[in-house]
Amino acid sequence: MIRDIVIYPDKRLKLISKEVTLFDNKLHQLLDDMYDTMINKNGVGLAAIQIGADVRALIINLPPEDEEHVKQLKEDTLEIINPVFVSKDGSCKHQEGCLSIPGIYEDIERAEHVVVEYQNRYGEKQILDNHEFLAIAVQHEVDHLNGKVFIEKLSFIKRKKFEKEWKKRFK
Ligand code: CO
């Protein structure tokens, strides 16, 4: 089911999401709704809080770069529950966007390589080791679980410019 996306500066985006302890139907329904909502907005990643659920769950589905008409299949969706960074190193800059701040794209600095421990929808321990765009996407989404959005990483000047433009949009 497609759900409403929580839009910046909604206060819920500042919540620290809670650890998932039950890997039940309710969690699976939430993950399914997150997928439907993300695909509906042509997104590549979504954290649970972006549809109003303050639990440590996120999904990522990066379409392959070499295909013209890409399909983001459900079975290719990475479902990451209770993620913990085991290591982070290097640094790189990539353009990021966010379904909670639609239409805004900014270059953001992140670690280049990450190793993440997490659980899948059945509570099974998994490990992700990545140094490509997926590493960036995971860091962006984990920030959501910690009440942070990507524009908080902008310089003071750029942040002010963004806030001004954003306010104008809602007049
Ligand atoms: Co986001």
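Just so it is clear, the model here is predicted, and its values are computed rather than measured. Count residues from 1 along the sequence.
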Colleague: Listed by chain and number, what are the ring pair (Phe, Tyr, Trp, His ring centres under 6.0 Å) partners of His94, not counting sequence neighbours?
Modeller: Phe133
Colleague: Rounded to the nearest 0.5 Å, what separates atom CG in Asn146 from atom NZ in Lys14?
Modeller: 13.0 Å
Colleague: So does Asp32 pair up with Lys74, basic N to acidic O under 4.0 Å?
Modeller: yes
Colleague: Quick one: does any side-chain atom of Arg56 pair with a main-chain N or O of Leu145 as donor and acceptor, under 3.5 Å?
Modeller: yes
Colleague: Strictly below 4.0 Å, N to O, side chains only: are Lys26 and Asp24 in salt-bridge contact?
Modeller: no
Colleague: In terms of side-chain heavy atoms, does Asn82 have a donor or acceptor partner in Gln119 at a distance below 3.5 Å?
Modeller: yes
Colleague: Same cluster for Val149 and Val142 if Ile/Leu/Val/Met/Phe/Trp/Tyr side chains link at under 4.5 Å?
Modeller: no
Colleague: Can you find a side-chain donor-acceptor pair between Glu112 and Ser91 that sits under 3.5 Å?
Modeller: no
Colleague: Between Asn130 (side chain only) and Ala135 (backbone N and O only), is there a donor and an acceptor less than 3.5 Å apart?
Modeller: yes
Colleague: When rounded to the nearest 0.5 angstrom, what is the spacing between NZ in Lys41 and CG in Leu99?
Modeller: 8.0 Å
Colleague: Report yes or no: do Glu96 and His140 form a side-chain donor-acceptor pair below 3.5 Å?
Modeller: yes
Colleague: Would a single hydrophobic cluster contain both Val55 and Met34, if residues Ile, Leu, Val, Met, Phe, Trp and Tyr are joined by side-chain heavy-atom contacts under 4.5 Å?
Modeller: yes
Colleague: Carefully, step by step, assess Leu58 and His144 under the rule side-chain contact (heavy atoms from CB on, under 4.5 Å).
Modeller: CA-CA 9 Å; Leu58 63 93; His144 278 299; over 6 Å; no
Colleague: Scan Ile80, Ile81, Val138, Ile127 and name whichever one has a side-chain contact (heavy atoms from CB on, under 4.5 Å) with Tyr118.
Modeller: Ile80
Colleague: Looking only at atom types and distance, does a side-chain atom of Glu117 sit under 3.5 Å from a main-chain N or O of Val86, one as donor and one as acceptor?
Modeller: no
Colleague: Hydrogens and angles aside, do Asn25 and Gln29 bring a side-chain donor and acceptor to less than 3.5 Å of each other?
Modeller: no
Colleague: Just verifying a value: how many Å separate Leu31 CG and Phe23 CZ, rounded to the nearest 0.5 Å?
Modeller: 10.0 Å
Colleague: Calculate, to the nearest 0.5 Å, the distance between atoms CD1 and CD1 belonging to Ile39 and Ile59 respectively.
Modeller: 7.5 Å
Colleague: Quick one: side chains of residues 155-162, donor-acceptor pairs under 3.5 Å with protein atoms, not counting sequence neighbours, listed by atom name and distance.
Modeller:
from   : atom 1 : to     : atom 2 : distance (Å)
Ser155 : OG     : Lys158 : N      : 3.3
Arg159 : NE     : Glu163 : OE2    : 2.9
Arg159 : NH2    : Tyr8   : OH     : 3.0
Arg159 : NH2    : Glu163 : OE2    : 3.1

Colleague: Is Leu62 linked to Leu128 within one hydrophobic cluster, defined over Ile, Leu, Val, Met, Phe, Trp and Tyr using a side-chain heavy-atom separation of less than 4.5 Å?
Modeller: yes
Colleague: Enter the distance from Ile51:CD1 to Met38:CE here, rounded to the nearest 0.5 Å.
Modeller: 11.5 Å
Colleague: Donor-acceptor check, side chain of Asn61 to backbone of Gly45, threshold 3.5 angstrom: yes or no?
Modeller: no
Colleague: Got a second to check how far Asn120's CG is from Gln126's CD, nearest 0.5 Å?
Modeller: 4.5 Å
Colleague: Evaluate salt bridge (charged side-chain N to carboxylate O under 4.0 Å, His left out) for Lys93 paired with Asp107, printing each intermediate quantity in order.
Modeller: CA-CA 6 Å; Lys93 236 178 187 181; Asp107 281 339; over 6 Å; no
Colleague: Tell me whether Asp33 is salt-bridged to Arg3, with the criterion being a basic N under 4.0 Å from an acidic carboxylate O.
Modeller: yes
Colleague: With a cut-off of under 6.0 Å to the ring centre and 45° to the axis, is Lys88 in cation-pi contact with Phe85?
Modeller: yes
Colleague: Run the numbers on Ile7 and Asp10 for side-chain contact (heavy atoms from CB on, under 4.5 Å), then give the verdict.
Modeller: CA-CA 6 Å; Ile7 299 294; Asp10 192 302; 5.8 Å; no
Colleague: Taking the side chain as C-beta and beyond, is there a heavy-atom pair between Glu79 and Tyr122 under 4.5 Å?
Modeller: no
Colleague: Give a yes or no on whether Ile108 and Val44 share a hydrophobic cluster (residues Ile, Leu, Val, Met, Phe, Trp, Tyr; joining criterion: side-chain heavy atoms under 4.5 Å apart).
Modeller: no
Colleague: Same hydrophobic cluster for Val6 and Ile151, using side-chain heavy-atom links shorter than 4.5 Å among ILVMFWY?
Modeller: yes
Colleague: Tell me if a side-chain donor or acceptor on Glu109 pairs with a main-chain N or O of Cys92 at a distance below 3.5 Å.
Modeller: no
